[in-house]
Amino acid sequence: MNHGQQSGEAKHEDDAALTEFLASLMDYTPTIPDDLVEHFLAKSGFQCPDVRLIRLVAVATQKFVADVASDALQHCKARPAPVVKDKKQQKDKRLVLTMDDLSKALREYGVNVKHPEYFADSPSTGMDPATREE
Amino acid sequence: MSNGGGEGGSQQRELHGKRKISRGNDFAFAIARMAVAQICESVEVNSYQDSQTREGLRFSSFQESALESLTDVAVQYIQSIGKTAHLYANLAGRVDGNSLDIVQALEDLGSGLGFAGVSDDNRCLADSGVVKDIIRYTGEAEEMPFIYSLPRFPFSKEKRPAPSLPEVRGEPPDEHIPVWLPAFPDTKLCDQSVETNAGTIVQEIPIKENGTSLRSMQHSFDGARLEILKSLKDARDTAEAEVEGNPFLTVPLRFVEKDVSPFFPPLELSNQVVRINHVPDKHMSNNHYIPVLEASVPLDEINNKNGLADSEDGGKKEGARIQPTLVRFKIGNRKRPTSLAISRSFQEEGWFQEGGDNREKKSEIEDKRGRIDSQIVHSDVK
């Protein structure tokens with residue numbers, strides 16, 4: 001009995017934590033806009049008038065994307081650096097999210113993305129074509 | 001990078017295909033792409049390798065295919081959260097989802113990767129490791145709103161549920177009706193419909209009459225055409241008589257009358273209409289009065305009538321007068337290609353030879369028809 005009461009109290013605390021977190025989401029603005037999340041949720045059939053839940057989904061998605069991105073960043077960093085031709089190139093050490101790293105990162109999350117070998121992707125934005133390796 | 005950004009081909013193509021299908025979703029997808037790019041840019045990893053600088057590493061740019069596929073994954077993530085939460089809400093017998101549904105959905109999605117406390121089957125959903133992770137993430141990550149302010153979609157998003165019964169009437173409905181049910185459709189309308197019930201009953205009568213008149217028309221077609229006119233007039237008279245009694249009937253009956261007038265057109269036009277109608281069934285080539293009855297009337301009668309019609313051919317006015325009755329039946333036939341009809345009319349001679357082969361027995365009649373048809377063609381040309 002005692003144990004049951006304790007667990008009940010613990011559950012109460014957990015519940016309080018969740019509600020508190022949801023309440024704090026009112027002040028937190030996720031990067032993914034509410035309208036966008038609501039749109040996609042509505043497309044999937046889920047309807048809810050509560051903004052907090054939409055923000056919860058937005059935050060969860062943001063966390064997911066950020067996790068994937070940070071994993072991809074780790075992969076990108078762990079890759080052996082390309083042969084440096086100029087000193088200039090070493091200076092602006094700009095990292096580019098590539099399909100290589102992304103597919104590696106996504107594989108951990110259960111998403112299998114394969115990149116075809118011979119696809120000529122459009123040149124990545126923000127990268128100087130001169131510094132790009134062929 | 002050895003293959004120089006040459007990655008993501010089929011992905012790209014798939015995405016393009018997908019977007020071609022869901023073209024209306026381009027805007028949302030573009031915004032999602034921007035948001036994902038913003039999130040990716042915000043991700044920072046401290047590089048401890050060169051400890052003297054220790055600057056954060058970030059993605060400063062993206063391969064386009066990579067960004068698109070990541071966006072696609074993110075959108076799928078949102079949608080699968082929505083689907084799963086919806087599923088759990090429905091499983092619990094609810095329409096609107098609540099936070100626990102979403103937490104459950106997040107746990108389902110995170111089960112592949114695993115999270116804290118997943119092995120405990122007696123855990124509370126509110127105490128989920130996923131939620132704890134999210135709470136930790138919100139504590140760590142910098143709050144960063146979307147860079148652009150989205151335009152509001154120009155219609156009010158608030159879905160107003162249908163007012164419940166007590167809201168409309170102010171008084172509680174009958175005992176057996178739950179209070180939370182939406183109100184009935186406008187009760188005033190219901191009363192009106194009761195009143196107009198009598199009207200609708202009366203309305204049915206002329207329809208029937210029209211049907212009988214049509215039938216009588218068909219019968220009279222077999223006999224003399226004047227009878228049709230009479231029956232039509234009768235029908236109209238009865239209809240008008242009904243109109244006087246019932247104001248609701250004025251519209252359909254006037255419609256009939258209006259239907260008549262546009263088909264008093266120049267004779268050439270009426271001939272053309274007849275021709276279009278006739279081309280597909282060759283043996284009916286000439287009797288422009290009787291296309292409707294093709295199915296029901298035996299050929300011999302039609303031929304007899306043809307004789308009548310041909311003899312009266314000078315008096316096309318009468319035919320024109322009857323046209324309105326025919327128009328109603330022709331509507332279905334008009335879909336037959338007019339171009340075919342025209343081309344056939346160009347091949348008129350050869351066509352008639354063919355027809356002659358088919359119908360050697362009635363060669364005399366055919367000759368007559370051929371002559372008259374050629375006249376019609378001439379009038380068409382003119």
Side-chain angles (χ1 to χ4, degrees), chain A residues 11 14-15 18 21-22 28-29 31-33 35-37 39-41 43-48 53 56-57 59-66 68-70 73-74 77 82 94-100 102 106 109-111 113 115-127 132-134, chain B residues 1-12 28 31-32 35-36 38-40 43 45 47 57-67 69-70 73-75 77-79 81-83 85-86 96-97 99 102 106 112-113 124 126-127 131 133-135 137-138 141 143-146 150 153:
Chain A
K11 277 183 185 178
D14 298 335
D15 219 7
L18 182 62
F21 172 60
L22 284 178
Y28 187 87
T29 317
T31 307
I32 304 176
D35 296 332
L36 189 74
V37 177
H39 169 73
F40 284 124
L41 281 182
K43 280 191 81 174
S44 68
F46 181 80
Q47 54 171 330
C48 174
L53 298 191
L56 176 62
V57 176
V59 169
T61 312
Q62 186 178 339
K63 177 177 175 296
F64 173 75
V65 172
V68 171
S70 81
L73 192 60
Q74 294 285 359
K77 214 176 63 178
R94 309 179 71 182
L95 296 178
V96 178
L97 176 67
T98 59
M99 275 301 285
D100 251 344
L102 184 67
L106 278 177
Y109 291 84
V111 182
V113 179
H115 57 91
E117 298 293 331
Y118 301 106
F119 174 64
D121 197 5
S122 58
S124 41
T125 51
M127 197 174 184
R132 259 184 77 217
E133 213 183 338
E134 293 306 314
Chain B
M1 285 300 285
S2 61
N3 38 7
E7 296 123 358
S10 75
Q11 194 75 22
Q12 183 94 347
I31 289 172
V36 167
Q38 205 183 341
I39 294 170
C40 285
V43 169
V45 172
S47 62
L57 285 178
R58 320 177 158 234
F59 284 124
S60 53
S61 80
F62 306 92
Q63 240 178 18
E64 210 167 311
S65 57
L67 184 58
S69 46
L70 185 54
V73 168
V75 168
Y77 188 81
I78 295 176
Q79 288 194 336
I81 288 177
K83 264 181 212 163
H86 187 57
D96 285 350
S99 58
I102 290 179
L106 288 175
L113 199 65
C124 176
D127 189 25
V131 179
D133 282 350
I134 291 176
I135 292 173
Y137 173 78
T138 52
E143 185 175 344
M144 181 183 47
F146 194 56
L150 288 184
F153 196 63

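Values below: every heavy atom of this structure, side chains too, minus hydrogens, waters and symmetry copies. We name chains A, B, ... by the order of the sequence lines, and we start the count at 1 in each one.
For chain A, the option among B:G97, B:A35, B:C40 with the highest count of heavy-atom pairs below 4.5 Å is B:G97. Among A:L41, A:L73, A:V57, the residue making the largest number of heavy-atom pairs under 4.5 Å with chain B is A:L73. Here B:D96 is the residue among B:L67, B:D96, B:I31 with the most heavy-atom pairs under 4.5 Å with chain A. The choice from B:V75, B:V131, B:L106, B:V36 that makes the most heavy-atom pairs within less than 4.5 Å of chain A is B:V75. Among A:V111, A:L106, A:L53, the residue with the largest count of heavy-atom pairs under 4.5 Å with chain B is A:L53.
For A:S70, the side-chain contact (heavy atoms from CB on, under 4.5 Å) partners two or more places apart in sequence, or in a different chain, are B:V43. Under the side-chain contact (heavy atoms from CB on, under 4.5 Å) criterion, B:K83 pairs with A:S44, sequence neighbours left out.
Interface residue A:F21: only side-chain heavy atoms are found under 4.5 Å from chain B. Interface residue A:Y28: backbone and side-chain heavy atoms are both found under 4.5 Å from chain B. For B:I134, the parts lying under 4.5 angstrom from a heavy atom of chain A are both the backbone and the side chain.
A side chain to side chain contact (heavy atoms under 4.5 Å, CB included) with A:F46 is found for exactly one of B:I102, B:I78, B:I81, namely B:I102.
In plain terms, the two heavy atoms of A:L102 and B:S69 that are nearest each other are CD2-OG, 3.4 Å.
Looking at A:I32 and B:I39, their side chains come closer than 4.5 Å, going by heavy atoms from C-beta outward.
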